[in-house]
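Some notes on the structure that comes next.
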Amino acid sequence: MKIEILGTGCAKCKKTKEIVEQAVAELGVDAEVVKVEDINAAMDYGVMITPAVVIDGDVKIAGKVPSLDKVKEWIAK
Amino acid sequence: MAEDIKMAKTAKCACEAAFVGLYACSGGSNVGQMANRIAVELTKQGKGSMMCTVGIGGNVPGIMKSTEGTDEIIAIDGCPLICARRTLELAGFTVNKHIVLTELGMQKNKELDLEGSEIKEMMTKVESAFDI
């Protein structure tokens with residue numbers, strides 16, 4: 001599983017990354033978490049506001065910090 | 001394993017002030033093209049960010065999620081067909097401000113080229129009428 005955190009390195013982006021990494025750790029899944037700061041890469045997904053979370057190419061959220069439970073739900077699916 | 005990829009830092013971040021999404025109809029008429037241009041100009045002025053209205057109609061995931069992440073939605077339509085507003089509302093979004101250029105005195109026709117003076121005039125009207 002590949003989880004991309006799209007963002008510029010701001011506070012919300014960092015928080016999002018922390019939550020995703022916590023969810024991965026708690027679920028014990030084998031996932032690659034990648035932080036992507038390139039706006040063009042974000043726009044390739046249609047994402048125009050960050051932070052955003054993309055799991056295996058599927059945009060899950062944009063412009064908001066997700067809850068831990070929500071991230072776990074996405075990963076478990 | 002976490003990995004950082006550091007490249008250009010130009011993304012519009014939600015950490016900044018309220019995120020205003022600008023959705024123009026960008027239709028095939030002078031008023032549609034003016035709606036597009038006004039969204040461009042407002043974006044350049046930092047009064048919002050032009051978004052992809054057609055992506056709402058196409059239910060494109062990244063654009064839908066980005067729209068869910070906005071704090072305010074402004075629909076900019078050229079004419080009373082209000083395609084941008086209808087598109088947003090059909091998708092379940094609430095339009096906070098709605099601009100219709102024909103209501104500001106612009107006459108609709110099939111011309112697609114805009115004059116600089118027309119753009120300036122309509123920008124002044126939009127900024128005045130909508131306190132943008």
Side-chain angles (χ1 to χ4, degrees), chain A residues 1-25 28-67 70-71 74-75 77, chain B residues 1-24 26 36 39-40 42-44 46-76 84 87-88 91-94 96:
Chain A
M1 177 183 287
K2 183 177 181 181
I3 305 177
E4 294 167 272
I5 314 297
L6 312 182
T8 55
C10 64
K12 283 187 178 179
C13 300
K14 287 175 182 167
K15 183 67 182 169
T16 298
K17 187 165 179 272
E18 287 172 13
I19 288 170
V20 168
E21 287 174 336
Q22 186 182 346
V24 168
V29 294
D30 182 19
E32 178 190 12
V33 180
V34 182
K35 188 153 187 310
V36 180
E37 296 188 358
D38 178 11
I39 182 60
N40 294 322
M43 292 192 76
D44 283 346
Y45 285 118
V47 169
M48 307 181 86
I49 175 172
T50 59
V53 177
V54 181
I55 299 179
D56 289 336
D58 188 19
V59 181
K60 298 296 185 183
I61 195 169
K64 298 174 185 172
V65 178
S67 68
K70 186 54 80 175
V71 176
W74 297 333
I75 291 172
K77 276 185 182 175
Chain B
M1 182 176 172
E3 175 190 349
D4 286 340
I5 298 176
K6 294 185 184 294
M7 287 180 259
K9 289 189 175 183
T10 51
K12 187 75 176 175
C13 176
C15 287
E16 297 170 12
F19 190 99
V20 178
L22 303 169
Y23 296 82
S26 306
N36 188 77
V40 170
L42 290 174
T43 300
K44 286 180 180 176
K47 293 177 176 174
S49 290
M50 186 173 182
M51 308 289 270
C52 300
T53 310
V54 176
I56 302 295
N59 196 28
V60 176
I63 294 170
M64 298 297 279
K65 297 296 180 189
S66 294
T67 303
E68 288 173 13
T70 60
D71 298 301
E72 183 177 1
I73 291 175
I74 299 179
I76 308 171
T87 300
L88 286 157
F93 296 111
T94 300
N96 303 105

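Everything numeric here is computed off the predicted structure, so don't read it as measured data.
Here the CG atom belonging to A/Asp58 is positioned 8.0 Å from the NZ atom belonging to B/Lys65, to the nearest 0.5 angstrom. To the nearest 0.5 Å, atom NZ of residue A/Lys64 and atom CZ of residue B/Phe19 are 12.5 Å apart.
The shortest non-hydrogen separation linking A/Met48 to B/Met50 is CE-O, 3.4 Å. Taking both residues in full, the closest heavy atoms of B/Ser66 and A/Gly46 are given as OG-O, 3.5 Å, listed atom of the first, atom of the second, then distance.
Neither the backbone nor the side chain of B/Met64 comes within contact range of chain A; no heavy atom of the residue lies under 4.5 Å from a heavy atom of that chain.
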